[in-house]
Number of protein chains: 2
Amino acid sequence: MDIPRILVALAEPTRLAAMQIIWDGGEHCVCELMDRLNTSQSRMSRHMKALRDAGLVLDRRDAQWVRYRRNPDLPRSVECIIDAVIVAAAANQKVAA
Amino acid sequence: MDIPRILVALAEPTRLAAMQIIWDGGEHCVCELMDRLNTSQSRMSRHMKALRDAGLVLDRRDAQWVRYRRNPDLPRSVECIIDAVIVAAAANQKVAA
DNA sequence: ATTGCATATGCGCTAAAGCGCATATGCGCA
DNA sequence: TGCGCATATGCGCTTTAGCGCATATGCAAT
């Protein structure tokens, strides 16, 4: 559990947005994320790799797709960080809107 | 409230350690932090500037010293992030010890 | 005014992050 | 086997972060 590494992973806006999508519990392929976050394929793929390397998400091959999902085995302390970050980011988006 | 900027600020180990010291509520000069965190003067000063620029701490001139303290006006959502990060970092240090 | 301690900052350097582009790989289907 | 979609990655580039060193600034005391 490398806290700085986790924070770095969450500190990039596109990665944070991806976490917001994934954290609810579903599985999401790269192409879906890349469409919803309006970014390129290679960029999205690399960002997902960063989240995976930080231990925040898991991935699974499903035919031609790779499905990413939240890592269910994170320590509670790390889940608390992510919850707090997502809440704060969501609150911020409301203010901005 | 720029969440990514806050996360970047917290993602550096020395800055995170400084936040752990400051978050309790006291005032701490750069020389104290630099001694306790075993780092150089310029490095510590710059890291404190980063925390200040992120809005996490405030500073105050007191004679030859500059006292840093936690920013009491942070939104609750941001305080939650910092609390969670500090708890997780502390838990980690126990495991490592 | 000078000295000394505390802090900030300009400068140059190195390392790392992030990106686009092109290409490779994995998989299903015809 | 060959094609097409989804994903990953090598490469080169640009930007940014972080550092040490030296120096500037602020303040107090002599």
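Residue numbering restarts at 1 for every chain, and letters A, B, ... go by the order of the sequence lines.
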Measure from [atom1] on [X] to [atom2] on [N] and round the result to the nearest Å.
X: B:Glu12; N: C:dA17; atom1: CD; atom2: P; value: 13 Å
X: B:Arg5; N: D:dT16; atom1: CZ; atom2: P; value: 12 Å
X: B:Leu51; N: D:dA17; atom1: CG; atom2: P; value: 14 Å
X: B:Met44; N: D:dG20; atom1: CE; atom2: P; value: 12 Å
X: A:Arg60; N: D:dA6; atom1: CZ; atom2: P; value: 16 Å
X: B:Asn38; N: D:dC19; atom1: CG; atom2: P; value: 13 Å
X: B:Asp59; N: C:dT9; atom1: CG; atom2: P; value: 10 Å
X: A:Met34; N: D:dC5; atom1: CE; atom2: P; value: 13 Å

- [ ] Please examine the side chains of A:Val57 and A:Arg70, heavy atoms only from C-beta on, and report whether any two atoms are closer than 4.5 Å.
- [x] no
Open item on the list: Under 4.0 Å from OP1 or OP2 of D:dC19: is there any side-chain N or O of B:His47 that close?
Closed with: yes
Task: B:Arg76 side chain to B:Val78 backbone, donor-acceptor under 3.5 Å - done: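 Answer holds: no.
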- [ ] Verify side chain to side chain contact (heavy atoms under 4.5 Å, CB included) between B:Tyr68 and B:Leu51, making sure each step is shown before the conclusion.
- [x] CA-CA 10 Å; B:Tyr68 282 89; B:Leu51 291 175; over 6 Å; no
Open item on the list: My understanding is that only residues two or more places apart in sequence, or in another chain, count here; which of them pass salt bridge (charged side-chain N to carboxylate O under 4.0 Å, His left out) with A:Glu32?
Closed with: A:Arg36
Task: Nucleotide nearest B:Arg43 (side chain, heavy atoms from C-beta), chosen from D:dA6, C:dC19, D:dG18 - done: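 Taking heavy atoms from C-beta onward, the closest nucleotide is D:dG18.
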Open item on the list: Under 4.0 Å, heavy atoms only, any strand: does A:Arg15 hit a base, just the sugar-phosphate, or nothing?
Closed with: sugar-phosphate
- [ ] Using the closest heavy atom to pick a nucleotide of DNA chain D for each, name whichever of B:Val8 or A:Lys49 lands nearer the 5' end.
- [x] A:Lys49
- [ ] Apply the test side chain to side chain contact (heavy atoms under 4.5 Å, CB included) to residues A:Ile82 and A:Leu74: give CA-CA distance (whole Å), side-chain angles for both, the deciding distance (0.1 Å), then the verdict.
- [x] CA-CA 10 Å; A:Ile82 302 171; A:Leu74 285 171; 3.9 Å; yes
- [ ] Could you say whether B:Glu32 or B:Arg46 is positioned toward the 5' end of DNA chain C, judged by the nucleotide with the nearest heavy atom to each?
- [x] B:Glu32
- [ ] Identify, with sequence neighbours excluded, every residue that meets side chain to side chain donor-acceptor pair (under 3.5 Å) alongside B:Arg67.
- [x]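 Testing B:Arg67 for side chain to side chain donor-acceptor pair (under 3.5 Å), a comparison that skips the adjacent residues, returns B:Asp62.
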TODO: List the protein contact pattern of nucleotides 23-30 of chain D with one symbol per nucleotide (5' to 3'): B for base contact, S for sugar-phosphate-only contact, - for none; contact means a heavy-atom distance under 4.0 Å.
DONE: ---BSS--
Open item on the list: Salt bridge or not between B:Glu12 and B:Arg46? Use side-chain N to carboxylate O under 4.0 Å.
Closed with: no
